[in-house]
Visitor: 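Here's a structure for you.
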Amino acid sequence: FSSVRCRSEDLFEAVQNHVAERYTQFSPDSLSNVLQAFALVGHRGSQVILEATAEYILANLKAYSPKALSKIIFTISQTRGYVNLALQNALAEAFVSSMDGMTASLLTATLMAFSKVKLDDATFFRRAAEKVAPVLADFDSSGFVRLTKVFAQ
């Protein structure tokens, strides 16, 4: 529903409330997709859902695929309010641990999202760079530009 042509605040709020109340019934992929959809349309529902689900996601982090983790950190990067720092830091650690199997486009998108959040781990980008360096041949020119932006900050 992220490309809705007639934005219905009532619909967004109903979906937001449904997810916030029943998030344990959603698969990791479904929950991350809903979060990303709200973030893409710029609706505050992503903030409400993140607040409701942060501890649950943190407790079940191993069930989330690298792509689902990427969607969650993207959502956090688009959020303007409260963010669970423990979740953010755990996502960073999970990302570094799972980078080896990721595609160049997923690596780039996730690193771009991480570049927009505050992390407690000052070594995160150094550790990420060490994992990206051996696979630079997998990146296209736009990927190189985006990586340069990430690592130049």
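Values below: all heavy atoms of this structure, side chains included; hydrogens, waters and symmetry mates excluded.
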Visitor: Taking all non-hydrogen atoms of both residues, which atom of Phe38 and which atom of Gln16 are closest, and how far apart?
Guide: CZ-N, 3.6 Å
Visitor: Do Thr108 and Ser105 have a side chain donor and acceptor closer than 3.5 Å?
Guide: no
Visitor: For the backbone of Lys118 and the side chain of Gln88, can you confirm whether one donor and one acceptor N or O come within less than 3.5 Å of each other?
Guide: yes
Visitor: Quick one: sort the Phe26 and His18 rings into parallel, tilted or perpendicular, breaks at 30° and 60°.
Guide: perpendicular
Visitor: Kindly compute the distance separating CD (Gln36) from CG (Leu31), expressed to the nearest 0.5 Å.
Guide: 12.0 Å
Visitor: Over all heavy atoms of both residues, which pair between Ser77 and Ala113 is shortest? Give the atoms and the distance, please.
Guide: CB-O, 3.5 Å
Visitor: Less than 4.5 Å apart, side chain to side chain, heavy atoms only: is that true for Leu147 and Leu136?
Guide: yes
Visitor: Under 6.0 Å from the NZ atom of Lys131, do we count more than 12 heavy atoms belonging to anything else shown?
Guide: yes
Visitor: Is there a path of hydrophobic side-chain contacts, each under 4.5 Å between heavy atoms of I, L, V, M, F, W or Y residues, that connects Val145 with Phe151?
Guide: no
Visitor: Is it true that a side-chain atom of Ser70 and a backbone atom of Pro66 form a donor plus acceptor pair closer than 3.5 Å?
Guide: no
Visitor: Is there side-chain contact between Thr24 and Thr53, with heavy atoms separated by less than 4.5 Å?
Guide: no
Visitor: Honestly curious: do Leu85 and Ile76 fall in one hydrophobic cluster under the side-chain, below-4.5 Å linking rule?
Guide: no
Visitor: Is there side-chain contact between Tyr23 and Val34, with heavy atoms separated by less than 4.5 Å?
Guide: no
Visitor: Quick check: closest heavy atoms across Ala128 and Leu111, and the distance to 0.1 Å?
Guide: CB-CD2, 3.8 Å
Visitor: Would you mind reporting whether Asn89 and Phe124 have side-chain heavy atoms less than 4.5 Å apart?
Guide: no
Visitor: So, does Thr103 use its side chain to make a donor-acceptor pair with the main chain of Leu106 at under 3.5 Å?
Guide: yes
Visitor: With a 4.5 Å limit on heavy-atom distance, are the side chains of Lys116 and Phe74 in contact?
Guide: no
Visitor: Would you say the side chain of Met99 lies within less than 4.5 Å of the side chain of Glu130, judging by non-hydrogen atoms?
Guide: no
Visitor: Taking atom OG1 of Thr110 and atom CE of Met112, what is their separation to the nearest 0.5 Å?
Guide: 11.0 Å
Visitor: Check whether Val48 and Leu50 end up in the same hydrophobic cluster, where Ile, Leu, Val, Met, Phe, Trp and Tyr are linked by side-chain heavy atoms less than 4.5 Å apart.
Guide: no
Visitor: Determine, stepwise, if the pair Leu91 / Leu119 fulfils side chain to side chain contact (heavy atoms under 4.5 Å, CB included).
Guide: CA-CA 10 Å; Leu91 287 168; Leu119 295 172; over 6 Å; no
Visitor: Determine whether a donor-acceptor pair (N or O, by modelled atom type, separation under 3.5 Å) exists between the side chain of Asn84 and the backbone of Leu87.
Guide: yes
Visitor: When you compare the side chain of Thr79 with that of Val117, does any pair of heavy atoms fall below 4.5 Å?
Guide: no
Visitor: Ignoring hydrogens and geometry beyond distance, is a side-chain donor-acceptor pair present between Asp29 and Ser27 at under 3.5 Å?
Guide: no
Visitor: Run the side chain to side chain contact (heavy atoms under 4.5 Å, CB included) check on Leu61 and Leu69 step by step: do they pass?
Guide: CA-CA 8 Å; Leu61 208 53; Leu69 295 174; 3.6 Å; yes
Visitor: Side chains of Phe139 and Val132, heavy atoms from C-beta outward: is any pair under 4.5 Å?
Guide: yes
